[in-house]
Number of protein chains: 2
Amino acid sequence: MALKVHGSLASSATLRVIGCLEEKGLKYEFVRVNLQAGEHKKEPFLRLNPFGQVPAFEDGDLTLFESRAITQYIAHTYANRGSQLIPSDNKTMDTMSLWMEIEANHFDEVGSKLYHELTIKPMRGMVADKAAVAQHEEALVKILDVYEERLKVSKFLAGNCFTLVDLHHTPLIYHLMHTKVKVLFEARSNVAAWVDYLFTRPAWLKVLQLIIKHNNAAFAS
Amino acid sequence: MALKVHGSLASSATLRVIGCLEEKGLKYEFVRVNLQAGEHKKEPFLRLNPFGQVPAFEDGDLTLFESRAITQYIAHTYANRGSQLIPSDNKTMDTMSLWMEIEANHFDEVGSKLYHELTIKPMRGMVADKAAVAQHEEALVKILDVYEERLKVSKFLAGNCFTLVDLHHTPLIYHLMHTKVKVLFEARSNVAAWVDYLFTRPAWLKVLQLIIKHNNAAFAS
């Protein structure tokens with residue numbers, strides 16, 4: 001089966017899917033969607049995702065979108081390949097489901113807005129909205145306090161093993177570590193140790209290689 | 001095991017959990033959290049959910065929050081009770097995962113804002129923000145167009161059977177059917193037929209009975 005990821009390397013959601021494919025040791029083709037040119041809002045991309053958002057994913061005849069639906073598909077379909085990302089016991093599974101919702105509804109909700117203000121807007125020559133940044137930073141502090149408590153009693157979010165929910169966090173944390181909110185992660189010892197670990201995953205290092213390769217190609221062109 | 005739902009009947013997320021318990025034919029205690037008095041932002045509620053949002057759920061010693069993590073827990077833990085809410089085949093399961101993300105990231109995202117503007121704000125003596133309503137309505141139109149296409153080829157969102165993802169939609173649709181955006185659902189024949197069906201589920205009728213009972217109690221007090 002030919003696996004394809006359509007997306008942008010500046011998109012945390014795209015990197016979430018690529019990170020998952022790397023954890024599974026699967027071969028895939030990365031198809032760049034130019035977000036600044038609005039390619040995600042036009043055909044032929046809209047045939048892959050009618051909501052016009054990256055990433056979209058193809059596995060042979062199957063088309064999927066929504067990064068977390070794609071990672072769950074990969075983790076289940078290729079359960080016997082590479083890293084085991086789904087817990088085998090029900091209790092850890094329930095805890096993983098809870099933290100998946102926390103990631104999507106709290107961490108990503110606030111973190112994505114900070115990434116947009118602090119990285120994407122300046123990259124496009126726009127100015128960050130200081131009041132919005134202050135408000136989101138305050139929200140992130142409260143969220144990271146909850147993570148710190150969790151990671152005090154458990155090495156990873158779902159339990160004592162790395163699972164899909166930890167992976168779901170890596171790309172956005174990576175993006176935020178290049179902004180001033182980095183200090184909020186570093187100030188919490190359990191969060192900091194968890195983040196350090198996330199970045200040492202061999203699969204994540206492969207994602208970084210892909211980013212560097214494409215950046216070099218962009219500079220060369 | 002004693003099951004408890006802490007929440008508000010004005011909250012779609014709370015009704016999502018209650019709807020799931022009713023589908024499973026499980027007995028539970030409903031513990032009202034007074035949102036207007038801010039009980040969800042104070043102890044003892046924060047011990048149940050440090051993010052200060054309803055609902056929270058207890059099953060004996062286990063505490064959970066995030067409505068969709070709770071419904072998944074109930075659907076898996078009580079798989080052999082009441083309605084079967086989880087598909088048995090992988091393909092339908094993958095489709096259900098996708099539509100769960102669409103519900104959370106598109107439908108609920110926009111629909112909740114409309115419910116807030118058109119119902120919650122007027123109920124609290126505030127005025128709806130007309131520009132925001134127009135913007136969210138436009139977004140809802142696009143979202144419902146995607147649902148209409150999906151429901152043209154499949155009776156329910158995941159496939160030909162009612163599953164957890166259909167249930168996840170019911171409470172917010174119910175709330176929106178009491179607002180002017182009702183016409184957007186009615187104008188799309190497949191969406192309209194699906195909504196009609198959702199409201200005839202015996203479990204949903206039990207949720208309505210609970211709402212009526214509590215409303216009567218509120219008027220009597």
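Here is how names work: the chains are called A, B, and so on, in the same order as the sequence lines, proteins then strands, and each is numbered from 1.
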*Asks:* If contact means a heavy atom pair closer than 4.5 Å, which residues of residues 144-152 of chain B contact chain A?
*Replies:* B:Val146
*Asks:* If you draw a 6.0 Å radius around NZ in B:Lys180, do more than 12 non-hydrogen atoms from other residues or ligands fall strictly inside?
*Replies:* no
*Asks:* Who passes side-chain hydrogen bond (donor to acceptor under 3.5 Å, both in side chains) against A:Ser112, sequence neighbours left out?
*Replies:* A:Asp108
*Asks:* Which residues, numbered in order, of residues 86-104 of chain B come under 4.5 angstrom of chain A by heavy-atom distance?
*Replies:* B:Asp94, B:Ser97, B:Leu98, B:Glu101, B:Ile102
*Asks:* Contact part of A:Leu62 toward chain B, heavy-atom cut-off under 4.5 Å: side chain, backbone, both or neither?
*Replies:* neither
*Asks:* If the contact rule is any heavy atom under 4.5 Å from chain B, which residues of residues 39-54 of chain A qualify, in numerical order?
*Replies:* A:Pro50, A:Phe51, A:Gln53
